Asks: 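What follows is a structure written as structure tokens; I'll ask about it next.
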Amino acid sequence: MSHPLLNKDGGERHLLLGNEAIVRGALEAGVAFVSCYPGTPSSEVPDTFFRLSPDGDYTFEYSVNEKVALEVGGGAALAGAPTLVTMKHVGVNVAADPLMTLAYIGTPGGLVLLSADDPGCHSSQNEQDNRYYARIAGMPVFEPSSAQEAKDMTRDAFELSRRFEQPVMLRTTTRVAHLRGPVDFGPRPGALHGPDFTKNPGRFVPVPAVSRARHIALLENLTKIREAVESSPWNTVSGNGEVGVVASGMARAYVADVLDEERFSGRFRVLNLGLTYPLPEEKLANFLREVRRVLVVEEGEPLVEQALRAIAQERGIDVEIVGKGKHLTRLGEYCTRQVRLAVADFVGETDATASCPAPEKLPMRPPNLCAGCSHRALYYTIRQAYGDNAVYSSDIGCYTLGLLPPLSAADFLLCMGSSVSAGCGFAKAQDKPVVGFIGDSTFFHSGITGLVNAVYNRHDILLVILDNRTTAMTGHQPNPGVDTTIHGENPSKVDIETIVRGCGVEHIRRVSPYNFKKTMAAVEELKALPGVRVLIAEEPCVLFARRTLRKARPNVAYVAEQTEAVTRCLTELACPAFRKDGDEVAISEHQCAGCMFCMQICPDIKARKRSQS
Amino acid sequence: MTGTRVFLTGVGGQGTLTATIILGQAAMDKGIDVTAGEVHGMAQRGGVVESTLLLGGYRSPRISHGEAHVLLGFEPLETLRALPYLVAEGGTIVSNAEPIMPLGVTMGRETYPSLDDIRKRAEACASRVVFLPCQSIGAEVGALQCGNLALLGAACATGALPLTPDDLIAAVKARLKPKVVDMNLKAIDLGVAAVS
């Protein structure tokens, strides 16, 4: 039986994750091509497409990075395929180069770029507001606030993109990506295609003369799109009165719930913006003329607020505009409590919603490397060799969690792929040895260019490639190096060592980090050498090995004798399978993954067969 | 609005999100408006997992402090940590009584609060409090994760949700794999029995 998301007929209702609703919306729009680089909070979109791909009529790929994903997708859209390209917000930084020019030459088949923003930094290194990108590039933006909208807006984004041959941004946030709600399905037509590509270098090859003309074409197109947005059903006015609220994107949900409360109900005229760029200027101007005061509620940057101020100024509309301030900041996510406070404040009232206290300083549950994670073993070994004498240049992945003591294996980090290049620069500017850490997927993403640069510019760095044979952090997506995916063996594997050698690195060692002695010996050898050195630490992610590779580890560790060495092992390794019962240290058989690393560094820990249960 | 905001909290790996979805399905099957929320990502690795279920027409999938009518705690320390989400008056708490120790506690650096204290603080905040031993119930019916269904069964039995134990049973029968249905139904029975 095929998955409900692939059903041809409409009329069904399913409880969907926001990201699953986007998949259905794209399918209802006849999507023919999907490319991506996974990243929370976008990942369930491509992962769902990948899971369904054997039964789907679209082409799907995990690209090696976001720039490549958008270029591959851009090519498909030029060739006439309705195309979805998905990434998280910082991924758009990587893809920004092709994005700016795609908007100039246009995308005849239709191209929707999913930018999944992360206000609140739930799983990201910043909370940049990618609505700015839409303004730099000149692309329309849809911002859903429910699962149903996520589905319908995705479908409409495709329709708009195909109609105007412009790339369109579908901008979600963590909250809408990971909410669940009922979604009513429309019909799914099957993958569409066309128009066929007509050679036209005067449009599609942006040499300067072409680019200047295409910039004009883009601005003219945006004017036409703005006129279409004026009558879009995604921007609505409701309510009456002289006091207004303008709500945009996900903030519409918080505003709706607060204004539905008894004390506020019926008191406001509300403008809801779902298609948020280009803004419907006439509609906004008319709204501003109808109210005396208006509160603008949008997460992130004050883009709608600034536009409203400009509209009021240009048209001489006498209205008080209240936006960012004490309650509505540029930081993080909004919530009903925050919006309630802002609305109460706006109308000169107070809000004192009471809540129960919880005691302070409760034990926390910080994210931690899993029991048996090979990154822990590698970090332990590196610290044995270097201690605090080296500076550790980290990268984006599970292994960033090595920043916590006692492993303390991350001193700085910029972005995907920065471990190599930032580490090189750091090493040039001071005397300490620099060790960089990068995962396999991140290496393919953007580590390779840094490594070429390191060799070419004669840098001095030990780069450790933590090759756990999958993209672990975001949910075990395939990358070019993997052996297996959920659909079977990877038929076209790319070998990391061959790439490293091809980049011109002379000193390469390949070890399993679970083998302490061999890894230590390799580290000591590389430590003594100058220049660019690479240690490939290869061991499948412990969760991936269990779930996908079906690798069973029959033995578990146990404490044979309570000694100083055992306590030291607990303190220095910080494996979550260890626990302290009074003065004694024990290892949980349930938690122990059977990596057998601890017994190599502590003679009082032994192995035994896992008990049958 | 006469809706119900339900805040669910637990530890990564416990199955809190699956429990949220089953409850959401039960509500949708009964024709109740559902918005649910969850945050994935780094939380999976032994961290706190919080999710929400908003029944009766809410648009926001978030629950702020002082807004949850029902707090479902799949781990007692997390129940304690989440108390500020509960409405100041008239709230209901249904919680697992059996701890999962955080790393700081197992490493001997931090102390787990006493279960007595957790119960007292819960009772001071809510007008209805039910604690039940979810892991033990799970073990009794044949799979640890079934303890979650016991907790949901108990929650439905308190009357604080617009769902009855029978609604939950119908959702389990309709939505779960046939081979796990029986043990989950047993767990629901034991959960309902814990509410007296």
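Quantities reported herein were computed from a predicted structural model and do not represent experimental measurements. What's counted below: heavy atoms across the whole structure, side chains too, no hydrogens, waters or symmetry copies. Proteins come first, then strands; the chains are lettered A, B, ... in the order of their sequence lines, and each starts at number 1.
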Asks: Does any N or O in the side chain of B:Arg81 come within less than 3.5 Å of the main-chain N or O of A:Pro363, such that one atom is a donor and the other an acceptor?
Replies: yes
Asks: Could you tell me which portion of B:Ile63 (side chain, backbone, both or neither) has an atom closer than 4.5 angstrom to a non-hydrogen atom of chain A?
Replies: neither
Asks: At a 4.5 Å cut-off on heavy atoms, which part of B:Gln25 comes close to chain A: side chain, backbone, both, or neither?
Replies: both
Asks: Which atom pair, heavy atoms only, marks the closest approach of A:Arg365 to B:Met101?
Replies: NH1-C, 3.8 Å
Asks: Give, as side chain, backbone, both or neither, the part of A:Ala147 having an atom under 4.5 angstrom from any heavy atom of chain B.
Replies: neither
Asks: Between A:Lys361 and B:Glu110, does any NZ, NE, NH1 or NH2 come within less than 4.0 Å of an OD or OE carboxylate oxygen?
Replies: no
Asks: Top residue by heavy-atom pair count (under 4.5 Å) with chain B, among A:Cys335, A:Ser146, A:Gly181?
Replies: A:Cys335
Asks: Thinking salt bridges, do A:Arg175 and B:Glu38 make one under a 4.0 Å N-O criterion?
Replies: no
Asks: Let me see the working for B:Ile21 and A:Arg180 under side chain to side chain contact (heavy atoms under 4.5 Å, CB included), right down to the final yes or no.
Replies: CA-CA 8 Å; B:Ile21 294 169; A:Arg180 272 175 212 276; 3.2 Å; yes
Asks: Tell me, for A:Met364 versus chain B, whether the close heavy atoms (under 4.5 Å) come from the side chain, the backbone, both or neither.
Replies: both
Asks: Looking at B:Asp33, B:Leu53, B:Leu77, which one has more heavy-atom pairs under 4.5 Å with chain A than the rest?
Replies: B:Leu77
Asks: Check whether A:Gln591 gets within reach of chain B through its side chain, its backbone, both or neither, counting any heavy atom under 4.5 Å.
Replies: neither
Asks: Which region of B:Ile118, side chain (C-beta onward) or backbone (N, CA, C, O), has a non-hydrogen atom less than 4.5 Å from a non-hydrogen atom of chain A, or is it both or neither?
Replies: neither
Asks: Could you check which of B:Arg121, B:Arg109, B:Glu89 has the highest count of heavy-atom pairs closer than 4.5 Å to chain A?
Replies: B:Arg121
Asks: I'd like to know if the side chain of A:Ser355 and the backbone of B:Gly66 have a donor-acceptor N/O pair within less than 3.5 Å.
Replies: no
Asks: Before you tell me yes or no, could you show the steps for A:Asp257 and B:Arg5 under side chain to side chain contact (heavy atoms under 4.5 Å, CB included), namely the whole-Å CA-CA distance, both residues' side-chain angles and the distance that decides it to 0.1 Å?
Replies: CA-CA 12 Å; A:Asp257 284 354; B:Arg5 287 181 166 117; 4.3 Å; yes
Asks: Pick from B:Pro102, B:Gly24, B:Ala68, B:Gly91: which one has the most heavy-atom pairs with chain A under 4.5 Å?
Replies: B:Pro102
Asks: Using non-hydrogen atoms and a 4.5 Å limit, figure out which bit of B:Thr20 sits close to chain A: side chain, backbone, both or neither.
Replies: neither
Asks: Between A:Thr336 and chain B, which part of the residue has a heavy atom less than 4.5 Å away: side chain, backbone, both or neither?
Replies: both
Asks: Measure B:Met28 against the heavy atoms of chain A and call it side chain, backbone, both or neither at under 4.5 Å.
Replies: side chain
Asks: Please state whether the side chain, the backbone, both or neither of A:Arg340 comes within less than 4.5 Å of a heavy atom of chain B.
Replies: side chain
Asks: B:Leu80, B:Thr35, B:Val87, B:Leu86: which one forms the most heavy-atom pairs within less than 4.5 Å of chain A?
Replies: B:Leu80
Asks: Taking side chain as everything from C-beta outward and backbone as N, CA, C, O, which of these in B:Arg175 sits under 4.5 Å from a heavy atom of chain A? Side chain, backbone, both or neither.
Replies: neither
Asks: Sort out for me which of A:Ser145, A:Cys356, A:Ala358 touches chain B most, counting heavy-atom pairs under 4.5 Å.
Replies: A:Cys356
Asks: Would you mind telling me which of A:Pro576, A:Gly18, A:Ala354 has the largest number of heavy-atom pairs within less than 4.5 Å of chain B?
Replies: A:Ala354
Asks: Does atom CG of A:Asp581 have more than 12 heavy-atom neighbours, drawn from other residues, nucleotides or ligands, at distances under 6.0 Å?
Replies: yes
Asks: Using every non-hydrogen atom in the two residues, find where B:Pro113 and A:Leu362 come nearest and quote the distance to one decimal.
Replies: CG-CD2, 4.2 Å
Asks: Return the CD to OG distance between A:Glu333 and B:Ser60, rounded to the nearest 0.5 Å.
Replies: 9.0 Å
Asks: Rounded at 0.5 Å granularity, tell me how far OG in B:Ser64 sits from OH in A:Tyr254.
Replies: 8.5 Å
Asks: Between B:Pro84 and chain A, which part of the residue has a heavy atom less than 4.5 Å away: side chain, backbone, both or neither?
Replies: both
Asks: Is there a side-chain contact between B:Arg59 and A:Asp260 in this structure, where contact means two heavy atoms from C-beta onward sitting under 4.5 Å apart?
Replies: no
